[in-house]
Number of protein chains: 2
Amino acid sequence: MKTYELVLQRVEADLAAGRLRLGDRLPGERALAAELEVSRPSVREAVRVLEAMGVVRTAVGSGPQAGAIIVAEPSSPLTSTLRLHLATRHLPMGHIVQTRVLMESWAVREAAERADTDADALEAIRRLLDAMDEPDLPRERFHVLDAEFHVALATLAGNVLVSTIMASLREAIHGYVMDAAPNLPDWPAAAEGLRREHRAVLAAVEAGDGDLAAERVAAHIEGFYQAAGVR
Amino acid sequence: MKTYELVLQRVEADLAAGRLRLGDRLPGERALAAELEVSRPSVREAVRVLEAMGVVRTAVGSGPQAGAIIVAEPSSPLTSTLRLHLATRHLPMGHIVQTRVLMESWAVREAAERADTDADALEAIRRLLDAMDEPDLPRERFHVLDAEFHVALATLAGNVLVSTIMASLREAIHGYVMDAAPNLPDWPAAAEGLRREHRAVLAAVEAGDGDLAAERVAAHIEGFYQAAGVR
DNA sequence: CAGTACCGTGTGGTCCGACCACACCGGTAG
DNA sequence: CTACCGGTGTGGTCGGACCACACGGTACTG
């Protein structure tokens, strides 16, 4: 058992037992080291891992906002882990696209069929689409808004795990999407098509037609990757 | 920019550029520190993060197996991240179950409908189910085999991301399942029911009936969590 | 008395140097 | 030729030190 794992165990146990809650501060690195009878570097390595997992956020200085604060940010670690593994080329892009289709189809079907879908959230999504109608929108900005649209869509289903995974997938592949964008021969026309498809998906959700929404979102995603030749 | 992030960037760039490949060794901690003009502790923190992400595996000693080796193990980091966030109680168990149903339903449907489903994999799954028929099987062992069965099912679909997420979900909640198992009033009868349902799911996959397989696996998962009262 | 500038204090961030346990590998003794 | 055994390089751990920073109370100023 490595020393820093001891620290991790301790923190996880404290979390599970409710001794540490969201917003609480971890004991200082020196205090934790003394308490567990390990060195400060070992504690630091553990804190780094927790930070990489999105469990704590660290800040220097003094006062309530300084130190290692317990947060719940599962998205960023998933994103960086996916990005790293994409970089190793042992995670085929096709599998990521397939997973996106799977999760987003389910999410829009779920959102369309539940009666209590958040009206404010729908309104926010409409505003996103309006922003994408802006002429002369830089490509980068378009793709960022596109990503926000898809994540917002997935969030409608009300499952934090699904929307977190969706957000991570989208962020992790953002760079690859941007690299592939020049492959589209006629960008203005392609963007127009994407806008139309977005509206169509949203319309199906609002109409409560889950099957149609799922079908449209799947075709939308697969169509884009095929056209852009992302691989 | 924190110093250890510099090291992370360097490694990710090397991976993306193909200068580091699976099985390669990272330069030694001292060498890396000298090369990037940072201290060894900073390098160590970065290596820890990479290890936590499942990108490298470290070992002491000398020779080809020592040092930090590039691996592709996306499952373990997902597992521990999920476990940690589960412990923070900001990741409802219900959402995890829902996600499992979503992904496993898709996986068995996919497996049932593709012609080239691996016969060896199916045979391995049958052996798993045979092992679960063993009388006097300890509960812990039963649940481990159960988990292996579900992960193997998900792997049939041939999507590494889906099977990885499935494996992580299953592992992350294993402890909670074990804690909840005593809630089942009549364990032998419950185990018998689970065995029957497993066989039925596999039969539907082998028969090529995707809809039936998806329906059965969804009912199986939801039924268990409802009966055991996991929350 | 009110406002402001200032410095003490505790935090994480970074670094250095040292020693340990371990696994391999090559030289050496049998 | 074989078996032993130390050399060597690896990550693992430690203690201590200094830095930059942010807060918070205090002392000074008006």
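Chain identifiers are assigned alphabetically (A, B, ...) following the order of the sequence lines, protein sequences preceding nucleic acid strands; residue numbering begins at 1 within each chain. Note that the coordinates shown come from a computational prediction; the quantities given were computed from them, not determined experimentally.
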Rounded to the nearest Å, what distance is computed from the [atom1] atom of residue [X] to the [atom2] atom of nucleotide [N]?
X        : N       : atom1 : atom2 : answer
Met1(A)  : dG12(D) : CE    : C1'   : 15 Å
Glu29(B) : dG12(D) : CD    : P     : 6 Å
Arg48(B) : dG12(D) : CZ    : C1'   : 8 Å
Arg25(A) : dC23(D) : CZ    : C1'   : 11 Å
Lys2(A)  : dC20(C) : NZ    : C1'   : 16 Å

If the threshold is 4.0 Å, N to carboxylate O, is there a salt bridge linking [X] and [Y]?
X         : Y         : result
Glu51(B)  : Lys2(A)   : yes
Arg19(A)  : Asp24(A)  : no
Arg126(B) : Glu123(B) : yes
Glu12(B)  : Arg83(A)  : yes

Quick one: does any side-chain atom of Arg25(B) pair with a main-chain N or O of Gln65(B) as donor and acceptor, under 3.5 Å? no
Arg114(B) side-chain N/O to Ala157(B) backbone N/O, donor-acceptor pair under 3.5 Å: yes
What residues in residues 5-15 of chain A put a non-hydrogen atom under 4.0 Å from any atom of DNA chain C? none
Using a 4.0 Å cut-off on heavy atoms, which residues in residues 32-45 of chain A reach DNA chain C? List them by number, or say none. Arg40(A), Arg44(A)
Atom pair [atom1]/[atom2] of [X] and [Y] - distance to nearest 0.5 Å:
X         : Y         : atom1 : atom2 : result
Ile173(B) : Met93(B)  : CD1   : CE    : 5.5 Å
Tyr4(B)   : Glu45(A)  : OH    : CD    : 12.5 Å
Glu148(A) : Leu145(A) : CD    : CG    : 5.5 Å

Return the residues of residues 59-67 of chain B meeting this criterion: a heavy atom under 4.0 Å from some atom of DNA chain D. Order them by number, or give none. Ala59(B), Val60(B), Gly61(B), Ser62(B), Gly67(B)
When the ring planes of His198(A) and Phe149(A) are compared, do they come out parallel, tilted or perpendicular, using 30° and 60° as the limits? tilted
Considering only heavy side-chain atoms of Arg30(A), the closest of dT14(C), dG12(D), dC18(D) is dC18(D)
Categorize Arg57(A) for me: base, sugar-phosphate, or nothing, with a 4.0 angstrom heavy-atom threshold over every strand shown. nothing
Between His95(B) and His90(B), is the ring centre distance below 6.0 Å? no
